[in-house]
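Comments concern the structure below.
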Amino acid sequence: MPSTAPRVIRPRVAAAGDQHLLRRRQALVVVLTFLTGCADAIGFLSLGGAFASVMTGNMVLVGLSAGRGDAELALTSACAILSFIVGVLAGARVVGSAQPDDPVWPRRVTWALVLELLVFVVFLVVWEVNLPAHDERVHLALLMLSAVALGVQSSAIQRFGVPGLSSTYLTGTLTSLIAGVAARSPWRSLRPKAHVLLALMTGAAIGALVALHLPVVAPALLIVPLVLVIAVSWRMRS
């Protein structure tokens with residue numbers, strides 16, 4: 001009698017020959033997370049006090065600003081949230097959903113990152129044209145562009161279909177790392193999480209320094225890492 005159990009579709013398990021590609025993918029995600037840290041620091045310090053990727057933080061800011069009657073911060077945070085949603089939707093249309101026979105790095109992920117790069121090129125143009133002083137409307141437009149770009153990036157990483165793998169929302173990564181330490185998990189399994197969190201903090205530190213002391217080159221912190229990831233990922237085969 002044939003089984004009536006539902007069929008479960010699982011992503012393809014990487015063969016031994018794919019291990020170097022998995023390591024390379026992890027390294028590229030770390031680079032993207034560095035970009036995220038830079039973007040959040042620039043957004044928070046230079047573009048109105050909201051975040052480009054941390055939507056939980058922005059939702060808290062919306063509630064906080066409503067409680068203290070700060071309409072400007074509420075508008076800034078709400079626009080960042082809506083822009084991130086637009087980016088996620090656009091990115092999802094480009095990358096599609098994870099498939100059982102996906103390679104380690106699906107080509108659609110790279111195309112989504114190209115879309116993110118185009119958004120950041122617009123960011124660069126708006127940023128440089130309006131230097132040395134940005135007014136509030138320009139701040140808001142730049143923050144929204146950055147949030148759209150990171151929304152696209154979030155969707156791109158989701159295409160990998162790997163639970164817990166992200167370059168933008170990392171509270172779960174921190175939780176998983178600490179839980180692994182408490183459970184005395186092998187450092188080999190914890191190292192990728194630690195690298196991602198370190199990249200986020202390093203990006204935020206460098207982004208803050210550049211935003212405060214050398215703002216003319218701030219967009220390079222967003223574009224150069226992304227170009228690197230696109231160039232490397234385009235050559236990946238699995």
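Since this is a predicted model, take the numbers as computed values, not measurements. Just so you know, these numbers use all the heavy atoms, side chains as well, and skip hydrogens, waters and symmetry mates. In what follows, residues are counted from 1 in the order of the sequence shown.
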**OP:** With sequence neighbours left out, write down each residue that passes ring pair (Phe, Tyr, Trp, His ring centres under 6.0 Å) with His134, or none if nothing qualifies.
**Re:** Trp127, His139
**OP:** Write out all pairs satisfying salt bridge (charged side-chain N to carboxylate O under 4.0 Å, His left out) with one or both partners inside residues 183-209, taking only residues at least two apart or from two chains.
**Re:** none
**OP:** Return yes if some donor-acceptor pair links the side-chain N/O of Thr175 with the main-chain N/O of Thr171 below 3.5 Å, else return no.
**Re:** yes
Original post:
Taking only residues two or more places apart in sequence or in another chain, which ones pass side chain to side chain contact (heavy atoms under 4.5 Å, CB included) with Arg23?
Top reply: Gln19, His20
Original post:
Are Val232 and Arg24 close enough that some pair of their side-chain heavy atoms sits under 4.5 Å apart?
Top reply: yes
Subject >> Qualifying salt bridge (charged side-chain N to carboxylate O under 4.0 Å, His left out) pairs, either residue in residues 203-213, two or more places apart >> reply: none
Identify all side-chain donor-acceptor contacts of residues 79-89 below 3.5 Å with residues at least two apart in sequence or on another chain.
{"residue": "Ser83", "atom": "OG", "partner": "Cys79", "partner atom": "O", "Å": "2.7"}

Original post:
Can you list the residues that meet the side chain to side chain contact (heavy atoms under 4.5 Å, CB included) rule with Leu190, with sequence neighbours excluded?
Top reply: Leu177, Val181, Ser185, Trp187
Subject >> Spacing of CD1 belonging to Ile42 relative to CZ belonging to Phe123, to within rounding of 0.5 Å >> reply: 6.0 Å
Original post:
Within a reach of under 6.0 Å around CD of Glu128, are more than 12 heavy atoms found that belong to other residues, nucleotides or ligands?
Top reply: yes
**OP:** State, to 0.1 Å, how close Ser166 and Ile157 come at their nearest heavy-atom pair, and which atoms those are.
**Re:** CA-CG2, 3.9 Å
**OP:** Any side chain to side chain donor-acceptor pair (under 3.5 Å) involving residues 27-37? Give me the pairs, sequence neighbours left out, ordered by first then second residue.
**Re:** Thr36-Gln153
**OP:** Taking side chain to side chain contact (heavy atoms under 4.5 Å, CB included) as the test, write out the residues that go with Val119, two or more places apart.
**Re:** Leu145, Val148, Ala149
Using atom types as modelled, flag every donor-acceptor pair under 3.5 Å from a side chain in residues 194-221 to any protein atom, sequence neighbours excluded.
{"residue": "Thr202", "atom": "OG1", "partner": "Leu198", "partner atom": "O", "Å": "2.8"}

Subject >> Sequence neighbours excluded - salt bridge (charged side-chain N to carboxylate O under 4.0 Å, His left out) pairs with any residue from residues 155-168 >> reply: Asp102-Arg159
Could you give the side-chain donor-acceptor pairs of residues 51-71 under 3.5 Å, partners two or more places apart or in another chain?
{"residue": "Ser53", "atom": "OG", "partner": "Asp40", "partner atom": "OD1", "Å": "3.4"}
{"residue": "Ser53", "atom": "OG", "partner": "Asp40", "partner atom": "OD2", "Å": "2.6"}
{"residue": "Asn58", "atom": "OD1", "partner": "Phe51", "partner atom": "N", "Å": "2.9"}
{"residue": "Asn58", "atom": "ND2", "partner": "Phe51", "partner atom": "O", "Å": "2.8"}
{"residue": "Ser65", "atom": "OG", "partner": "Leu61", "partner atom": "O", "Å": "2.8"}
{"residue": "Ser65", "atom": "OG", "partner": "Val62", "partner atom": "O", "Å": "2.9"}
{"residue": "Ser65", "atom": "OG", "partner": "Ala74", "partner atom": "N", "Å": "3.3"}
{"residue": "Arg68", "atom": "NH2", "partner": "Asp70", "partner atom": "OD2", "Å": "3.4"}
{"residue": "Asp70", "atom": "OD1", "partner": "Glu72", "partner atom": "N", "Å": "3.4"}
{"residue": "Asp70", "atom": "OD1", "partner": "Leu73", "partner atom": "N", "Å": "3.2"}

Original post:
Which residues pass the salt bridge (Lys or Arg N to Asp or Glu O under 4.0 Å) test with Arg137, sequence neighbours left out?
Top reply: Asp135
Subject >> Centroid-centroid under 6.0 Å between Trp105 and Trp234 rings >> reply: no
**OP:** Drop me the distance from Leu165's CG to Gln158's CD, to the nearest 0.5 angstrom.
**Re:** 8.0 Å
Subject >> Ser146 side chain vs Leu142 backbone, donor-acceptor pair below 3.5 Å >> reply: no
Original post:
Hey, quick one: are Leu140 and Leu47 part of the same hydrophobic cluster, counting side-chain heavy atoms closer than 4.5 Å, chains of contacts allowed?
Top reply: no
